[in-house]
**Student:** 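Before I ask anything, here is the structure I am working with.
A note on names: the letters A, B, ... follow the listed sequences, proteins ahead of strands, and every chain is numbered from 1.
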2 protein chains.
Amino acid sequence: MDIRTLCLGILTLEDATGYEIKKTFEGELSHFYDASFGSIYPALNRLTDEGLVTCTEHAQTGRPDKKVYAITAKGRIEFMDALSAKPRKDRIRSEFLAMLMFAGLMSSSRVAGLIDDRINDLERDIAFYEGCRDTGRNEDLFLRGFGCAIYRAERDYLIENRHMLEAEALLAGSAAE
Amino acid sequence: MDIRTLCLGILTLEDATGYEIKKTFEGELSHFYDASFGSIYPALNRLTDEGLVTCTEHAQTGRPDKKVYAITAKGRIEFMDALSAKPRKDRIRSEFLAMLMFAGLMSSSRVAGLIDDRINDLERDIAFYEGCRDTGRNEDLFLRGFGCAIYRAERDYLIENRHMLEAEALLAGSAAE
DNA sequence: AGAGTCATGTAACGCGTTACATGATTGT
DNA sequence: ACAATCATGTAACGCGTTACATGACTCT
């Protein structure tokens, strides 16, 4: 599912501007997808050319005209098609975990710092999801709960098992310090 | 951390061929990184050109010569540098979750099928990590435990909360069936 | 005064995937 | 017989990021 298709999906929920779509990617979607303006705006233009969305311009002073996009019947059909396909395997890329794979090459304080920072990030993310106001959509509630559950599991695992890597670093890490 | 750097890291653990590095990506690393031959082989050639690894060829019959790579002192220093940088935010792309965001557009049986498949995949992944033979490295043990913890949390969340989406689909999903 | 928000876009570039090419040997 | 494993590589292509360009208004 590319950004273009996801933009189409977001427009099944509500008409929106490119800017608002970006906001959505930073909200509920943030922990399992990401997209920059550089991919959203061209995607929206392409969708318009293909007749899958329509675009209504609202003049504004001092800012570029606001372009509100709405999905068409054709767009809805295309998105339904995308929903009927088998989801492909998750693609994850975690530098944090990749680095921990080499904990033995780092000093124990470096490993501890890395883990402390990660735990802080996780607490922040959990607080973010807990602080989100309710949209009234069950899907959003589900997704936020999902994010929280994963983050909590990660945090708890780190707290309970960090000693494995910090001890490792103590033994092997003299070269790095 | 690009594939090139990660290949360098893997070579700090043990000399290896491109093929064996691919295996590593499919093993301990599989749930938080991925790489194809099309990126590994060119990376290895580049690392050789840069003097960060050396390559020893072993003639074989019927197969391309086996090329065993070993990291150099310069390579080790470069990798240490990479380890001292701040890890960037995880990049996650989950089509499964993206699709669930639109559960209301699907029939309840479709949503149920999606979740059933996911739970099966998770059970398989958990079994994979539990079945891995011990490498003797604490880091590998930690990473496998991490993967299991996350997968279990995900599975449990799905089991306990799937009704939220299946009920949703029942209410809104008449159009899709 | 300076950061953040709102608002849209383009161009260059990087990184990696996918598909193709080759082919013997081993397991089911 | 057929699939999987071992083994390396190239070329085209896609997708998305990053950086740049522009600029007013509002909060601290």
**Student:** Think A/Lys22 has a side-chain N or O under 4.0 angstrom from the OP1 or OP2 of C/dC6?
**Tutor:** no

**Student:** Cluster question for you: counting only ILVMFWY and a side-chain heavy-atom cut-off of under 4.5 Å, with indirect links fine, are A/Leu105 and B/Tyr33 together?
**Tutor:** yes

**Student:** Among side-chain atoms of B/His31 and B/Tyr151, is any donor-acceptor pair under 3.5 angstrom?
**Tutor:** no

**Student:** Do A/Thr48 and A/Asn45 pair up side chain to side chain, a donor and an acceptor below 3.5 Å, judged on atom types alone?
**Tutor:** no

**Student:** Can you check whether B/Gln60 has a side-chain N or O nearer than 4.0 Å to OP1 or OP2 of D/dA7?
**Tutor:** yes

**Student:** Sort me out a list of protein N/O and nucleotides 8-17 of chain C N/O pairs below 3.5 Å, or just none if empty.
**Tutor:**
residue: C/dT8; atom: OP1; partner: A/Lys67; partner atom: N; Å: 3.1
residue: C/dT8; atom: OP2; partner: A/Tyr19; partner atom: N; Å: 3.0
residue: C/dT8; atom: OP2; partner: A/Tyr41; partner atom: OH; Å: 2.9
residue: C/dT8; atom: O5'; partner: A/Tyr41; partner atom: OH; Å: 3.4
residue: C/dG9; atom: OP1; partner: A/Lys67; partner atom: NZ; Å: 2.2
residue: C/dG16; atom: OP1; partner: A/Arg93; partner atom: NH1; Å: 2.9
residue: C/dG16; atom: OP1; partner: B/Ile3; partner atom: N; Å: 3.3
residue: C/dT17; atom: OP2; partner: B/Ser36; partner atom: N; Å: 3.1
residue: C/dT17; atom: OP2; partner: B/Ser36; partner atom: OG; Å: 2.8
residue: C/dT17; atom: OP2; partner: B/Ser39; partner atom: OG; Å: 3.2

**Student:** Quick check against the 3.5 Å criterion: does A/Asn138 have a side-chain atom that pairs as donor or acceptor with the backbone of B/Met164?
**Tutor:** yes

**Student:** I'd like to know if A/Glu78 pairs up with A/Lys74 as an ion pair, taking the criterion as any Lys NZ or Arg NE/NH1/NH2 lying under 4.0 Å from an Asp or Glu carboxylate oxygen.
**Tutor:** no

**Student:** Starting from C1' on D/dA21, measure out to CZ on A/Arg63 and report it in whole angstrom.
**Tutor:** 18 Å

